[in-house]
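All remarks here apply to the structure that follows.
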There are 2 protein chains.
Amino acid sequence: MTQKNFTIGVLANKAGVTVETIRFYQRRGLLAVPVKPLKGVRHYTEGDAQRVRFIKEGQKLGFTLDEITELLSLEEDRHCREVKVIALKKLGLIRERIESLRKMESTLSDLVERCAGNNDSIACPIIESLSQASK
Amino acid sequence: MTQKNFTIGVLANKAGVTVETIRFYQRRGLLAVPVKPLKGVRHYTEGDAQRVRFIKEGQKLGFTLDEITELLSLEEDRHCREVKVIALKKLGLIRERIESLRKMESTLSDLVERCAGNNDSIACPIIESLSQASK
DNA sequence: ATAGGCACCGTACCCAGGTACGGAGACAAG
DNA sequence: CTTGTCTCCGTACCTGGGTACGGTGCCTAT
């Protein structure tokens, strides 16, 4: 379980990232740097691989590395409440971003629809709209 | 119309950005640098203010500065077709982003719902999910 | 014992869209 | 005519999440 059994390159491979990314996570404090024997290279465990996968899953849900650091610190013991708070905040942010993009989508699709797309029309509605600066 | 009438600070104010931003747009080639009289400061026109507002409107619709540069170059004459192509590409990207965020939102809201939020439960579904690394 | 391939480490660079700093010149008010 | 506020200009820095480089050390197979 605590057995150190593979090198950084193998760890990177197992977790689906590059060696540079592992080292980057170590610098960011997301991943511990294992003790280096006076002669030889550092050794990593299955737990390290699991941790990197946790980070990647967190990113897929939209969490930043700072948030993931916090989530990792809440991994052990019962911290459901704290975790839920972080998740709800992220959920709110995601919904805001969706709403903001939805507005862009709506305006832009309307403009595109109104744009003939031939170069004959009096004026391009898209250009017109940008020039209006309606605020 | 072509009358040069105000300074960079006034331009920034009119357009709702900072002086630094104006200078940044000049470096990026979005905005021309007016001739500087041998003695004195550069002067800007209402057209410059209009152009900065165009840039800001473009950003609100999700366009990058590079895309806005292109849109600005298509402002004059009839380039409706080319403009529409750019807008459609952007629209596609926005829709992709919405879809990606929607998936996050769905997964995360499901997890949040399943999370009791008290620290008593056996295991936090959110932490569990991140640890699964289901890919 | 030596060659090739990793590991180690510090540091610099990438993207986008700015923001900040600092010295020097210009200009308007008092 | 001096003081204070702009302007001008080059350059460095910021966020986030990495990617790249280059010299050296270590390990393994031949």
Once base and sugar-phosphate atoms are separated, protein heavy atoms under 4.0 Å mark nucleotides 23-30 of chain D, 5' to 3', with B, S and - as ---SS---
Letter by letter from the 5' end, nucleotides 10-23 of chain C scores (B base, S sugar-phosphate only, - none; protein heavy atoms under 4.0 Å) BB-----BBBBB--
Take atom [atom1] of [X] and atom [atom2] of [N], then tell me their distance rounded to the nearest Å.
{"X": "A:His43", "N": "C:dC6", "atom1": "NE2", "atom2": "P", "result": "16 Å"}
{"X": "B:Phe6", "N": "C:dC27", "atom1": "CZ", "atom2": "C1'", "result": "19 Å"}
{"X": "A:Arg42", "N": "C:dC8", "atom1": "CZ", "atom2": "P", "result": "6 Å"}
{"X": "B:Ile22", "N": "D:dC8", "atom1": "CD1", "atom2": "P", "result": "11 Å"}
{"X": "A:Ile8", "N": "C:dG5", "atom1": "CD1", "atom2": "C1'", "result": "15 Å"}
{"X": "A:Leu31", "N": "D:dG17", "atom1": "CG", "atom2": "P", "result": "16 Å"}
{"X": "A:Lys60", "N": "D:dG17", "atom1": "NZ", "atom2": "C1'", "result": "16 Å"}

[X] side chain to [Y] main-chain N or O, any donor-acceptor pair under 3.5 Å?
{"X": "B:Thr21", "Y": "B:Val17", "value": "no"}
{"X": "A:Thr69", "Y": "A:Leu65", "value": "yes"}
{"X": "B:Arg42", "Y": "B:Pro34", "value": "yes"}

Do [X] and [Y] touch side chain to side chain, with heavy atoms closer than 4.5 Å?
{"X": "B:Ile86", "Y": "B:Lys89", "result": "no"}
{"X": "B:Gln26", "Y": "B:Arg23", "result": "yes"}
{"X": "A:Ile127", "Y": "B:Phe54", "result": "yes"}

Using salt bridge (charged side-chain N to carboxylate O under 4.0 Å, His left out) as the criterion, list what pairs up with B:Arg102, not counting sequence neighbours.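 Only B:Glu99 meet the salt bridge (charged side-chain N to carboxylate O under 4.0 Å, His left out) criterion with B:Arg102.
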Among B:Arg97, B:Lys90, B:Arg95, salt bridge (charged side-chain N to carboxylate O under 4.0 Å, His left out) partner for A:Glu105: B:Arg95
Using a strict 4.0 Å threshold on nitrogen-to-oxygen distance, state whether B:Glu46 and B:Lys14 make a salt bridge. yes
Whether B:Thr7 contacts D:dC6 is assessed here as follows: a side-chain N or O lying under 4.0 Å from the phosphate OP1 or OP2. Is that the case?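 No, outside the criterion.
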